[in-house]
Amino acid sequence: MAKKYVYSFGGKKAEGSAQMRNLLGGKGAGLAEMTRLGIPVPPGFTITTEACLEYFKNKQFPKGMFNEAVAALTRVEKIKKEKFGDPANPLLVSVRSGSRASMPGMMDTVLNLGLNDQTVLGMIKKSNNEQFGYDAYRRFVAMFGTIVMGVKREHFDEAFTAALHTHRVSLDAMLPANALKELVATFKKIVMKEAKRPFPDNPMEQLQMAIAAVFDSWFGARAVTYRRLNNIPDTWGTSVSVVAMIFGNRGDDSGTGVLFTRNPNTGERRFFGEFLFNAQGEDVVAGI
């Protein structure tokens with residue numbers, strides 16, 4: 001029997017559980033268990049730590065792994081009633097790391113994956129919000145360009161700061177849709193110049209590249225140093241969770257945040273959290 005590399009969750013059903021932390025990582029096991037408990041978790045699937053270790057051993061995805069991922073993605077499409085790469089009714093996903101031990105901020109995440117010049121128009125039509133659509137798109141190009149294609153983040157930050165000055169605004173959410181649309185084009189030119197290849201428009205290619213990049217981040221400099229300092233073995237590997245996007249940047253009635261059951265500064269047993277309106281998760285966790 002072929003080895004199983006992908007475990008689905010969503011629609012009040014999950015193939016994984018909290019007991020499968022070593023195989024699904026902390027995030028994957030947690031998402032599966034919350035789904036089992038009936039907590040409204042966005043649907044998705046987790047690619048196992050075993051797949052990660054085989055990827056490093058053979059320098060490629062294990063045989064059948066990506067086909068399993070595509071089948072699991074089809075299940076997400078049915079739950080969300082959206083289709084990955086569909087210009088009229090697009091499904092977007094996040095691609096997230098997940099070691100069995102907590103390694104906060106040490107590995108990589110890609111948000112808003114599945115956007116291109118056609119699917120962004122579907123996003124805009126569905127939300128009736130052009131500013132939101134192009135804000136998500138410029139975020140995606142910058143994040144994918146940095147994490148997956150190796151472009152230095154400061155190139156995107158400099159272009160973004162210039163746009164703020166040009167339009168005489170101080171916050172991301174104040175930039176008009178036309179400015180964000182221009183930024184998408186500028187960011188793609190930056191990718192072409194720095195990565196020496198065009199930004200990929202095919203959502204399935206984007207997904208393959210992002211999964212590989214998250215696997216690769218297990219041996220990124222930050223992650224290796226963190227593991228050495230915290231006695232976490234290199235042999236554990238990371239899982240990859242692909243989850244339907246929920247948008248905190250969809251207006252002033254949307255938001256994003258991080259919540260702890262203890263104060264991380266003092267250890268006091270009280271809820272502690274940080275959040276932002278009209279923003280996405282990276283704005284909080286990356287301090288931007």
Side-chain angles (χ1 to χ4, degrees), residues 82 84-87 90-96 108-195 197-203 205-207 209-210 213-214 243-252 254-256 276-288:
E82 297 170 339
F84 191 63
D86 182 6
L91 169 70
L92 302 189
V93 298
S94 59
V95 181
R96 302 171 181 273
D108 290 329
T109 293
V110 181
L111 305 179
N112 306 301
L113 190 139
L115 279 172
N116 57 31
D117 290 347
Q118 288 74 47
T119 57
V120 71
L121 299 178
M123 284 260 297
I124 290 166
K125 188 173 182 180
K126 283 175 64 178
S127 64
N128 196 30
N129 187 336
E130 189 179 23
Q131 201 267 356
F132 157 66
Y134 283 109
D135 181 59
Y137 198 4
R138 65 93 185 169
R139 288 171 180 274
F140 172 53
V141 176
M143 188 175 266
F144 192 97
T146 302
I147 289 167
V148 182
M149 303 184 76
V151 179
K152 290 183 179 178
R153 178 76 198 199
E154 50 260 40
H155 293 303
F156 300 114
D157 291 342
E158 286 166 7
F160 189 76
T161 301
L164 292 175
H165 287 314
T166 298
H167 291 271
R168 298 180 180 180
V169 296
S170 57
L171 297 173
D172 301 18
M174 294 178 177
L175 277 174
N178 65 312
L180 292 164
K181 186 176 181 180
E182 288 171 8
L183 270 174
V184 171
T186 300
F187 283 2
K188 286 188 174 184
K189 287 176 184 174
I190 290 170
V191 168
M192 187 69 209
K193 180 183 176 184
E194 299 296 325
R197 59 167 292 185
F199 190 86
D201 286 329
N202 184 302
E205 182 185 2
Q206 294 170 0
L207 182 60
M209 291 173 70
V214 174
V243 190
M245 276 295 299
I246 302 297
F247 301 99
N249 60 325
R250 199 163 172 168
D252 291 332
S254 301
T256 186
L276 289 169
F277 288 116
N278 199 14
Q280 288 197 340
E282 283 300 291
D283 299 341
V284 176
V285 297
I288 54 175

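From a predicted model like this one, the values you see are computed outputs, not experimental measurements.
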Please report the interatomic distance [atom1]([X]) to [atom2]([Y]), rounded to the nearest 0.5 Å.
| X | Y | atom1 | atom2 | result |
| --- | --- | --- | --- | --- |
| N202 | L207 | CG | CG | 10.0 Å |
| D283 | D172 | CG | CG | 6.0 Å |
| N178 | E130 | CG | CD | 8.0 Å |
| F156 | L183 | CZ | CG | 11.0 Å |
| E154 | T161 | CD | OG1 | 11.5 Å |

Which pair of heavy atoms, one from [X] and one from [Y], lies closest together, and at what distance?
| X | Y | result |
| --- | --- | --- |
| P176 | Q131 | C-CG, 4.4 Å |
| A136 | M123 | CB-CE, 4.2 Å |
| G114 | L92 | C-CD2, 3.6 Å |
| P200 | F144 | CG-CE2, 3.6 Å |
| P203 | G85 | CG-CA, 3.7 Å |
| A195 | V151 | CB-CG2, 4.1 Å |

Measuring only between side-chain heavy atoms, which start at C-beta, is [X] closer than 4.5 Å to [Y]?
| X | Y | result |
| --- | --- | --- |
| P90 | Q118 | no |
| E194 | V191 | no |
| M143 | V148 | no |
| R139 | N249 | yes |
| Y134 | L115 | no |
| R197 | M149 | yes |
| L164 | L175 | yes |

Working note: V141 + K188, criterion side chain to side chain contact (heavy atoms under 4.5 Å, CB included); need CA distance, chi angles, decisive distance, verdict.
CA-CA 7 Å; V141 176; K188 286 188 174 184; 4.2 Å; yes
N-O pairing of K126 and E82 below 4.0 Å
yes
Is R153 salt-bridged to E282, cutoff N-O under 4.0 Å?
no
Given side chain to side chain contact (heavy atoms under 4.5 Å, CB included), test L91 with D86 step by step and report yes or no.
CA-CA 7 Å; L91 169 70; D86 182 6; over 6 Å; no
Does the pair F247 and N112 meet the rule for a side chain to side chain contact (heavy atoms under 4.5 Å, CB included), with working shown?
CA-CA 9 Å; F247 301 99; N112 306 301; 3.6 Å; yes
Go through the steps for M209 and V110 under the test side chain to side chain contact (heavy atoms under 4.5 Å, CB included), then give the verdict.
CA-CA 10 Å; M209 291 173 70; V110 181; over 6 Å; no
Return yes when atom NZ of K181 has more than 12 non-hydrogen atoms of other residues, nucleotides or ligands closer than 6.0 Å, and no otherwise.
no
Taking the six-membered ring for Trp and the full ring for Phe, Tyr or His, determine whether the centres of F140 and F199 are under 6.0 Å apart.
yes
Is a side-chain N or O of Q280 found less than 3.5 angstrom from the main chain of T256, in a donor-acceptor match?
no
Report yes or no: does N278 contribute a side-chain atom to a donor-acceptor pair with the main-chain N or O of G251 at less than 3.5 Å?
yes
Test applied, side chain to side chain donor-acceptor pair (under 3.5 Å); reference residue, Y137; option that passes from N116, D117, T119:
D117
